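Beneath this line is the structure, given in structure tokens, with notes to follow.
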Amino acid sequence: MEPTKDQKIWQVVLSIPEGKVASYGQVAGMAGLGRQARYIGRALGKLPEGHSVPWYRVIRSNGQIAFPEGSPTFVLQKELLERDGVEVKNGKINLREYQWQP
DNA sequence: CAATTGACAAGGT
DNA sequence: AACCTTGCCAATT
């Protein structure tokens, strides 16, 4: 069967190496979706439990996490990123250092 | 069935 | 530098 958009997105996210991050727009572009950056967020929101998709490596184009600071999801993402060796400063990531460059 | 919303981005004012 | 508008598309209300 043909891969769905969601599958392509998950595939791209899975291809992000450890210690790197990618923006929504970047993922959209690599998945062949063009400017459907919003679709990425929805696709990741659909993720079932038990998946192996490093959704936490997907951030905003400005280097910030897409959740409100203080939210459990925000804290979890930050935790996972730092565990991968990504330095999160004041809820922001230094893209020049950590953004995935294929 | 129409309007709103949302893990966004890019361009313009 | 801050704020507003447009595009994009599916799920929810």
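Just so it is clear, the structure is predicted and the values come from calculations on it, not from any experiment. All heavy atoms count here, side chains included; hydrogens, waters and symmetry mates do not. Numbers restart at 1 for each chain; the letters A, B, ... are given by sequence-line order, proteins then strands.
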> Roughly how far apart, to the nearest Å, are C:dT5 and B:dT4 at atom P?
Replying inline: 15 Å
Let me confirm one number: the [atom1]-[atom2] distance from [X] to [Y], rounded to the nearest 0.5 Å.
{"X": "A:Q7", "Y": "A:L14", "atom1": "CD", "atom2": "CG", "value": "9.5 Å"}
{"X": "A:N94", "Y": "A:E87", "atom1": "CG", "atom2": "CD", "value": "8.0 Å"}
{"X": "A:R42", "Y": "A:K5", "atom1": "CZ", "atom2": "NZ", "value": "8.5 Å"}
{"X": "A:I59", "Y": "A:Y24", "atom1": "CD1", "atom2": "OH", "value": "8.5 Å"}
{"X": "A:S15", "Y": "A:W100", "atom1": "OG", "atom2": "CH2", "value": "3.5 Å"}
{"X": "A:Q77", "Y": "A:S71", "atom1": "CD", "atom2": "OG", "value": "10.5 Å"}

> For A:E82, does the CD atom sit with more than 12 other heavy atoms under 6.0 Å from it, leaving out its own atoms?
Replying inline: yes
Atom pairs, protein N/O to nucleotides 8-13 of chain B N/O, distance under 3.5 Å:
residue	atom	partner	partner atom	Å
B:dC8	OP1	A:R60	NE	3.3
B:dC8	OP1	A:R60	NH2	2.9
B:dC8	N4	A:R38	NH1	2.8
B:dA9	OP1	A:S61	N	2.5
B:dA9	OP2	A:S61	N	3.2
B:dA9	OP2	A:S61	OG	3.4

> Do A:Q99 and A:Q26 have side chains that get closer than 4.5 Å, going by heavy atoms?
Replying inline: yes
> Quick one: are A:I93 and A:V86 in side-chain contact, heavy atoms under 4.5 Å?
Replying inline: yes
>> Under the side-chain hydrogen bond (donor to acceptor under 3.5 Å, both in side chains) definition, can you give me all pairs with a residue in residues 52-63 of chain A, not counting sequence neighbours?
In response: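 As it turns out, the side-chain hydrogen bond (donor to acceptor under 3.5 Å, both in side chains) pairs with a partner in residues 52-63 of chain A, which skip direct neighbours, are A:Y56-A:D84, A:R57-A:D84, A:N62-A:Q64.
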> Quick one: A:R42 CZ to B:dT5 P, roughly how many Å, whole number?
Replying inline: 17 Å
> Between B:dA7 atom C1' and A:D6 atom CG, what is the distance in whole Å?
Replying inline: 14 Å
> Who are the salt bridge (charged side-chain N to carboxylate O under 4.0 Å, His left out) partners of A:K46, not counting sequence neighbours?
Replying inline: A:D6
> Between A:R96 and A:Q101, what is the shortest heavy-atom contact and its length?
Replying inline: O-NE2, 4.3 Å
> Considering all heavy atoms of both residues, which atom of A:L95 and which atom of A:G63 are nearest to each other, and what is their separation?
Replying inline: CD1-N, 3.6 Å
>> Using a 4.0 Å cut-off to any heavy atom of chain A, which nucleotides of DNA chain C are the first and last in contact, reading 5' to 3'?
In response: C:dG7 to C:dA11
> In residues 76-102 of chain A, which ones come under 4.0 Å of DNA chain B, going by heavy atoms?
Replying inline: none
>> So if I take residues 47-58 of chain A and measure heavy-atom distances to DNA chain B, which residues fall below 4.0 Å?
In response: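 Residues of residues 47-58 of chain A under 4.0 Å from DNA chain B: A:W55.
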